[in-house]
Every structure is written in C-alpha cells, then in structure tokens.
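Below: the structure, in structure tokens.
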2 protein chains.
Amino acid sequence: MVTDSNTEQKILDAAEEVFHQKGYDGARMQEIAEEAGINKGLLHYYFKTKDKLFEAIFSMALNRMVSKISAILDLDISLDQKIDLIVEQYMALFTRNPNLPRFVLNELNKNPDEFIARHFNGDIKRAFAGFAVSVQREIEKGTIQPIDPRHLLMNMISLIIFPFIGRPMIQVVFGIDNTEFKKLISERREHIKRFLNAALRP
Amino acid sequence: MVTDSNTEQKILDAAEEVFHQKGYDGARMQEIAEEAGINKGLLHYYFKTKDKLFEAIFSMALNRMVSKISAILDLDISLDQKIDLIVEQYMALFTRNPNLPRFVLNELNKNPDEFIARHFNGDIKRAFAGFAVSVQREIEKGTIQPIDPRHLLMNMISLIIFPFIGRPMIQVVFGIDNTEFKKLISERREHIKRFLNAALRP
DNA sequence: GTCTATATCATGATAGAC
DNA sequence: GTCTATCATGATATAGAC
C-alpha cells in the first residue's frame with residue numbers, strides 16, 4: 001500500500017481522534033472530514049463507508065492495546081520486572097492516548113463475537129499461559145504469596161486502566177483540576193508498582 | 001420491589017435496558033418502544049424527547065453508582081470493614097447490573113461538565129474527605145502502611161469495576177465461557193479483600 | 001391513553017464537474 | 001484527487017383519529 005499523498009494519513013489521524021472520543025455511534029463522517037481539513041465527498045473517496053474507516057481505526061487500536069502485553073509476558077525475566085515493564089509502558093501509552101482503553105473496551109463490548117473473531121490472534125492467550133506458569137514457579141520458590149495468575153493479571157490491568165476510564169468522576173470526587181490530575185497519574189506509576197509488590201510479598 | 005405494570009414503569013425498564021447496553025448514541029427510540037411493548041407515539045407521549053428519557057435513566061444510574069460508597073465511607077467503622085462492605089456491595093450491584101459502570105463512566109466522559117454539575121451533590125466529596133482522615137489515622141497508629149488515600153480509593157474501585165468493563169477481552173484472554181466467568185467473578189470478591197489487606201499490612 | 005400516519009431533519013453515501 | 005450538489009435512508013418528533 002504505497003499511498004501517494006498524505007491525505008489518507010490526515011484522514012486516519014482525524015478519524016482516530018473522533019472515533020476514540022465519541023465511539024462508532026457518536027462519530028460523524030462530517031466531523032471527521034472537517035477535522036481532516038477535507039469534505040465528505042473526498043472522505044468517501046478514500047474510505048468507501050464509515051464501517052471500513054472504523055475498521056481501520058479499531059484494528060490499530062486493539063493492536064496497540066494487546067501487542068505490548070503479549071510481548072512483555074513472553075519475556076524471560078522475573079515477575080517483578082514484568083510488572084515494572086507493564087506499568088511503565090501502559091501508563092505511558094494511555095497518557096499519550098487517554099481515550100484508547102475506553103474506546104477499545106467499549107466497542108469490543110458492543111460486538112464481542114464479531115470483533116474478537118476477526119482481530120484476536122492466539123498470541124495473547126499463549127502469552128498468558130506462559131505467564132501463569134512463571135507465576136506458579138515464583139509461588140513454589142516462595143518469592144511471592146500464592147495467587148491465581150488470572151486475578152493477578154486483572155489486578156495489574158485494573159489499576160493501570162481505571163484512572164483513564166474514570167477520569168471525570170475522579171476529578172470531581174477528589175476536587176482536582178487537569179493539572180493536578182496529571183500529577184496524580186504520574187505519581188501513580190510508582191504507586192502501582194509498590195502496591196503490587198506489597199500485596200505479593202510473602 | 002414489585003414493578004407496577006403501568007406504562008411509565010415499563011418504559012423506564014426498557015429504556016434502562018437499552019441505554020445501559022448501547023449508550024445514548026447507540027440507543028433507538030424505536031427499540032425502546034418495542035422492548036416496552038408499545039409504539040413510538042406513546043413513548044413520546046410519556047417522555048417528550050429522547051433527551052428527557054435519557055436524563056431519567058442516567059440520573060438513576062449515577063445515583064446507584066455513588067450513593068452506596070458515600071454512605072459506606074461515612075460509617076464509623078474500621079478501614080478493614082469499609083473495604084469489606086465496598087467490595088461486597090459493589091460486586092453484588094455490578095453482578096446484577098453488568099452494564100451499569102460502563103454506561104455511567106462513558107456518558108460522564110462524553111459530557112463531563114454538564115452532567116457533573118447537574119447531578120453531583122457534595123456528598124461524595126465530603127465522604128472522601130472523611131475517609132482520608134480515617135486512613136491517615138490508621139497510618140499513624142501503624143495498623144496499615146503509609147498510602148495516599150486517593151490511590152487507595154482508586155485501587156479499590158479499579159479492582160472491582162474492571163472485570164465488568166473488560167469482560168469480553170477477559171474471556172478471550174483466559175479462554176473461559178460465561179459460566180466460568182461468573183465463577184471467576186464470585187471468587188474475586190474474596191480475592192480483592194485478601195489482596196487489599198495484603199498490600200496494606202505493615 | 002394508545003394508536004397510525006406523517007412531518008422534519010440529520011447522516012451516510014453517490015454522481016458528476018473540474 | 002478534490003470539490004459541490006444531491007439522493008436515500010432512517011431517526012426524532014408531532015398531529016390527529018379513536
């Protein structure tokens with residue numbers, strides 16, 4: 001796909017912005033066109049339908065969500081190091097793309113079967129299986145407390161993702177503005193690592 | 001709670017079902033009417049606009065999300081007991097209403113200012129302030145490790161909410177069906193309590 | 001209160017000039 | 001490739017009979 005002009009890229013950037021923020025149902029082709037600095041006619045020239053454009057955006061988004069964790073879980077490093085890497089990389093990813101997790105989780109939920117079948121390869125399932133084994137090994141060595149690896153993985157992801165999905169509510173409850181929220185997020189990197197290590201220590 | 005089989009209640013039940021599942025943008029008045037066993041004309045007779053109907057549903061949903069935690073944080077009981085109550089009550093609430101957290105967090109995110117101003121009373125802010133004090137007290141007594149009360153509260157909510165928002169992805173990664181997912185959730189009640197206690201112990 | 005029919009409008013998509 | 005103009009559909013909302 002050797003695309004000539006950069007119009008296609010401008011469209012993809014605009015579509016990502018709008019879809020991530022408003023979801024498939026809330027997004028308007030008109031708004032995407034405006035955001036890209038073109039008109040609807042040209043938008044449909046590049047992507048025949050809203051569905052095809054969405055598909056391109058969603059596919060990239062889902063890939064960005066799962067590729068990192070598959071790779072990290074596969075590494076031959078200690079559990080402690082895996083936690084560090086996952087926290088660092090995903091906090092950074094979601095800081096750059098605050099709407100990414102909500103978008104992916106939402107759209108996945110609307111059409112679970114369709115999307116999952118189309119996009120999920122077996123990588124992440126295999127990576128988790130390997131992770132479960134390495135957790136079991138640490139438990140047997142006595143370096144961490146006994147724990148179901150599924151709950152452990154969910155806990156890590158939960159702690160990382162929630163602030164981005166719950167941001168508006170968080171800012172109200174804590175009475176903080178955008179600047180203070182960013183500070184809270186940056187502190188949270190270290191907090192999550194400490195918290196997980198404390199929970200796991202024998 | 002014996003549901004009146006009067007028309008207004010049937011509409012509210014149907015609207016809750018559809019709005020919670022598809023959000024404001026994805027919901028169709030036609031579908032709500034069908035779900036309620038009436039037609040669009042009558043639906044508009046009871047609720048003049050889609051906005052008004054949505055407002056009724058969202059208001060109830062947000063209230064169900066925050067009222068419990070405000071009440072629990074206000075109780076004069078130990079931190080340990082508060083954690084127990086929050087985990088028990090919210091896991092039960094979300095088990096009965098699996099789409100509630102996604103719905104509320106999503107819609108809140110789309111119009112943060114508008115909704116927050118209209119619906120949030122100061123209860124939860126005050127409750128959190130009290131919670132922060134009691135956490136500080138436990139830290140000083142040495143019964144728990146030092147921790148930022150904001151992160152602690154976020155951690156509790158994170159661990160509870162995520163499985164419901166991330167359900168489709170979770171089932172794929174762990175390769176489990178609906179029955180096994182329900183079992184995972186029921187185990188998770190105790191897991192979260194143990195995990196939080198382990199992380200907090202001095 | 002409840003229904004059918006219809007008005008109004010927004011949006012995805014196409015046609016055709018340049 | 002890019003634009004303007006237009007179509008076709010579907011959704012909210014209203015009017016009016018019963």
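Letters A, B, ... mirror the listed sequences (proteins, then strands); counts begin at 1. None of the values given here were measured: they were computed from a predicted structure.
- For the pair B/Tyr90 (side chain) and B/Ile69 (backbone), a donor-acceptor distance under 3.5 Å is present.
- Aromatic ring orientation, A/Phe19 versus A/Phe54: perpendicular (interplanar angle above 60°, classes split at 30° and 60°).
- Between B/Leu43 atom CG and D/dA11 atom C1' the separation is 13 Å, expressed in whole Å.
- In this model, the phosphate group of C/dG1 is not approached by any side-chain N or O of B/Thr7 to a distance below 4.0 Å at OP1 or OP2.
- Taking the screw axis at each terminus of the helix from C/dG1-D/dC18 to C/dC18-D/dG1 from five consecutive base pairs, the angle between the two is 10° to within rounding of 10 degrees.
- Annotation for A/Ala198 and B/Arg201: closest pair O-NH1, 3.8 Å, computed over non-hydrogen atoms.
- Under the salt bridge (charged side-chain N to carboxylate O under 4.0 Å, His left out) rule, A/Glu88 has a single partner from A/Lys82, A/Arg189, A/Arg188, which is A/Arg189.
- For the pair A/Glu34 CD and D/dT4 P, the computed distance is 12 Å after rounding to whole Å.
- Per the geometry, CD1 belonging to B/Ile11 stands 11 Å off C1' belonging to C/dT2, to the nearest Å.
- By the 4.0 Å N-to-carboxylate-O rule, B/Arg150 lies too far from A/Glu180 to be salt-bridged with it.
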**Prompt:** How does protein contact run along nucleotides 3-18 of chain C, one letter per nucleotide 5' to 3', with B for base contact, S for sugar-phosphate only, - for none, heavy atoms under 4.0 Å?
**Reply:** BB------SBBB----

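- A donor-acceptor pair shorter than 3.5 Å can be found between the side chains of B/Asp51 and B/Tyr24.
- Side-chain contact check for A/Asn99 and A/Arg167: no donor-acceptor pair (N or O, by modelled atom type) lies under 3.5 Å.
- A donor and an acceptor atom, one from each side chain of B/Gln9 and B/Asp13, are located under 3.5 Å apart.
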